[in-house]
Number of protein chains: 2
Amino acid sequence: MTQEKTRANTEAVHALLRADVLGGVHQPGERLKFASLCERYGASVSVIREALTRLVEQGLVESEPKIGFKVRSVSIDDLRDLTATRIDIETIALAYAIERGGVDWEADMVGAHHKLERTPMLTTDGPPRISDEWEDAHGRFHIALLDGCGSPRLLDIACSLRDAAEFYRRWSQTRDTGRDVACEHREILEATLARDSETAVERLRQHYQRTAEILETALTA
Amino acid sequence: MTQEKTRANTEAVHALLRADVLGGVHQPGERLKFASLCERYGASVSVIREALTRLVEQGLVESEPKIGFKVRSVSIDDLRDLTATRIDIETIALAYAIERGGVDWEADMVGAHHKLERTPMLTTDGPPRISDEWEDAHGRFHIALLDGCGSPRLLDIACSLRDAAEFYRRWSQTRDTGRDVACEHREILEATLARDSETAVERLRQHYQRTAEILETALTA
DNA sequence: AAGCAAGAGATTTTCGAATATTTCTAGAAT
DNA sequence: ATTCTAGAAATATTCGAAAATCTCTTGCTT
């Protein structure tokens with residue numbers, strides 16, 4: 001009786017399906033058939049279809065009319081393009097934030113960073129993998145960094161690119177080869193608070209570049 | 001018997017509805033009710049809903065769950081944000097294109113520009129307004145400029161921002177106060193072909209800035 | 001043996017009705 | 001007069017089945 005929700009509205013199914021795609025429950029390239037999805041999410045064709053349609057528009061799922069839907073497939077080329085684009089966009093946003101951000105922005109940023117530092121990165125039960133809580137805190141920190149930029153449109157783009165990146169991230173689970181991610185975050189925050197745009201941007205760039213390199217080796221292996 | 005399509009598939013309805021929203025048939029802020037949309041596009045609730053869902057995800061329509069859909073509303077603030085973001089994004093893309101674009105890119109660009117120059121800007125029948133053909137050629141030229149950038153993701157973002165801008169554009173119909181748009185295009189092309197990144201980017205920036213200013217006065221008036 | 005055609009099965013797409021929710025209206029109570 | 005509430009109307013959401021389409025198999029022809 002724990003999950004007896006009589007309301008299976010689209011919003012919820014969309015969130016669920018999205019989480020499953022992002023989390024790798026459905027593999028990239030995998031076909032998403034209505035029959036099995038309806039069963040899995042306990043919803044009707046209509047609501048599954050709406051959820052899929054939205055995911056297509058968000059770039060997480062692909063659709064061929066009359067043929068069906070499938071999870072978007074991954075490639076090295078796309079990963080490189082994504083990384084480069086992400087760096088370009090976030091670089092601009094961070095610079096704006098440093099230029100325009102007020103004290104509220106600073107406060108949120110510091111808060112998000114604090115939470116990130118206090119959240120254990122790896123799970124302790126079972127084989128060590130990056131915990132969902134950490135992923136969440138990590139995302140929030142990076143968004144908090146940009147949040148002072150004052151441009152809803154730019155922020156929105158950054159978020160959607162972050163989602164796309166999440167898609168790749170699960171491959172690199174625990175492959176952090178002697179990398180001090182926490183330190184990188186601390187240094188980015190430090191330069192940002194000091195309003196040192198040059199340094200902050202450069203550190204952010206390296207942060208993403210390193211992640212991408214790890215992902216790339218994981219993807220080729 | 002000219003339009004007796006028995007197939008009202010989603011793709012078509014989506015395109016139609018999108019064109020109508022972009023073209024101002026449905027005013028910003030206007031509610032989009034299923035009943036009237038079903039009648040207008042001769043389709044069932046399902047396909048209307050899918051089209052609307054997609055438009056929401058594309059940022060052209062807003063949705064409040066259980067309440068309904070409405071055309072996205074416009075504002076000066078959003079126009080400014082949009083313009084600034086567009087300049088930032090296209091600036092990057094153009095710089096990349098100039099840096100990396102090959103001869104095919106050049107050819108497409110020159111071709112698109114030629115077509116733009118040969119397409120009459122204003123309609124001759126009825127009150128003069130900007131013709132759909134010109135709008136189309138105009139969009140294609142600007143996309144052709146960026147197409148050499150080599151980044152599908154960046155190009156995609158640029159296109160979606162262009163759609164958003166289209167949304168505002170219909171207000172400024174024929175308000176071109178002594179502005180030589182054709183000349184601006186020619187100069188942008190010229191600098192781009194000369195691989196003079198600085199100049200090209202600056203001209204593109206001014207091109208958009210001017211458009212935005214005209215739009216802004218039209219919006220406040 | 002290769003290629004083609006027909007048909008069965010699987011799957012997506014569309015429909016119209018049933019259901020759930022919100023919004024409007026009118027009347028009663030304060 | 002104003003606020004509140006019940007009911008009616010309008011509207012969005014969800015469902016399950018019918019229709020359309022694609023895919024795969026099987027048997028036939030060359």
Side-chain angles (χ1 to χ4, degrees), chain A residues 1-21 25-73, chain B residues 1-21 25-73:
Chain A
M1 207 75 65
T2 52
Q3 288 281 57
E4 196 61 29
K5 277 186 142 185
T6 72
R7 285 274 316 301
N9 72 339
T10 295
E11 201 77 29
V13 171
H14 171 253
L16 239 41
L17 190 48
R18 178 190 156 96
D20 282 350
V21 167
V25 172
H26 306 291
Q27 299 275 332
E30 181 186 318
R31 255 196 93 184
L32 297 167
K33 296 185 205 168
F34 283 96
S36 77
L37 293 181
C38 285
E39 193 183 9
R40 181 176 226 277
Y41 300 100
S44 169
V45 189
S46 317
V47 348
I48 296 292
R49 176 165 254 269
E50 176 159 343
L52 285 172
T53 301
R54 287 173 68 181
L55 291 173
V56 168
E57 227 58 39
Q58 295 173 197
L60 268 50
V61 166
E62 292 169 339
S63 125
E64 268 196 282
K66 308 275 182 184
I67 305 294
F69 295 80
K70 62 179 186 178
V71 180
R72 173 163 181 161
S73 36
Chain B
M1 207 74 69
T2 51
Q3 287 279 57
E4 196 61 30
K5 278 186 139 183
T6 73
R7 285 274 319 301
N9 71 340
T10 295
E11 202 77 30
V13 171
H14 172 252
L16 239 41
L17 190 48
R18 178 190 155 97
D20 283 350
V21 168
V25 172
H26 306 290
Q27 299 275 334
E30 182 186 318
R31 258 196 92 184
L32 298 167
K33 296 185 204 169
F34 283 97
S36 78
L37 293 181
C38 286
E39 193 183 10
R40 182 176 225 276
Y41 300 100
S44 169
V45 189
S46 316
V47 349
I48 296 291
R49 177 164 253 270
E50 176 159 344
L52 285 171
T53 301
R54 286 173 68 181
L55 291 173
V56 167
E57 226 59 40
Q58 294 172 196
L60 267 50
V61 166
E62 292 170 338
S63 124
E64 269 196 282
K66 308 275 182 182
I67 304 294
F69 296 80
K70 62 178 187 179
V71 180
R72 174 162 180 162
S73 36

Revision key, fill the gap. In numerical order, the residues of residues 49-56 of chain A whose heavy atoms come under 4.0 Å of DNA chain C are A:Arg49

Exercise for review: Give a yes/no on whether any side-chain N or O of A:Lys66 is located under 4.0 angstrom from OP1 or OP2 of D:dC22.
Suggested key: no

Review point. Mapping A:Ser46 and A:Gly68 onto DNA chain C by nearest heavy atom, which one lands closer to the 5' end?
Key: A:Gly68

Exercise for review: Find the distance between CG (A:Leu37) and CZ (A:Phe69) and round it off to the nearest 0.5 Å.
Suggested key: 10.0 Å

Practice item. Using whole Å, report how far CZ of A:Phe34 lies from C1' of D:dC22. Key: 14 Å

Exercise for review: Mind checking the CG-OG spacing from A:Leu55 to A:Ser63? Nearest 0.5 Å is all I need.
Suggested key: 11.5 Å

**Study point:** B:Glu39 CD - D:dT11 P separation (whole Å)
**Key:** 13 Å

Check your understanding: How long is the line joining CG of B:Leu37 and P of D:dT11, in whole Å?
Key -> 12 Å

Check your understanding: For the pair made of CD1 in A:Ile67 and C1' in D:dC24, what is the distance, rounded to whole Å?
Key -> 13 Å

Exercise for review: Work out which heavy atom in A:Pro28 is nearest to a heavy atom in A:Ser73; give both atom names and the distance.
Suggested key: CB-CA, 4.1 Å

**Study point:** Which atom of B:Arg40 lies closest to which atom of B:His26, heavy atoms considered
**Key:** CD-CE1, 4.2 Å

Revision key, fill the gap. Between CD1 of B:Ile48 and P of C:dG16 the distance, given in whole Å, is 13 Å

Check your understanding: Considering only side-chain heavy atoms of A:Thr10, which listed nucleotide, D:dT14, C:dT13, D:dC15, is closest?
Key -> D:dT14

Revision key, fill the gap. Interatomic distance, OG@B:Ser36 vs CZ@B:Arg31, rounded to 0.5 Å, equals 10.0 Å

Point to revise | Angle between terminal axes - the helix from C:dA1-D:dT30 to C:dT30-D:dA1, 5 pairs each end, rounded to 10° | key: 10°

**Study point:** Of A:Lys33 and B:Arg31, the one whose closest DNA chain C nucleotide lies more 5'
**Key:** A:Lys33

Practice item. Working to the nearest 0.5 Å, report the span between CG of B:Asn9 and CD of B:Glu50. Key: 9.5 Å

Check your understanding: How many angstroms lie between atom CD of B:Glu57 and atom CD of A:Gln58, to the nearest 0.5 angstrom?
Key -> 4.5 Å

Check your understanding: Please give, in whole Å, the distance from C:dA10 P to A:Leu32 CG?
Key -> 20 Å

Practice item. Look at the side chain of A:Asn9 and decide which nucleotide, out of C:dC15, D:dT14, C:dT13, has an atom nearest to it. Key: D:dT14

Review point. For the atom pair CD (B:Glu62) and CG (B:Leu32), what is the distance rounded to the nearest 0.5 Å?
Key: 10.5 Å

Review point. Can you name the one residue among B:Thr53, B:Leu17, B:Val56 that meets side chain to side chain contact (heavy atoms under 4.5 Å, CB included) with B:Val61?
Key: B:Val56

Check your understanding: If you check the A:Ala43 side chain, which of D:dC15, D:dC22, C:dT23 turns out closest?
Key -> D:dC15

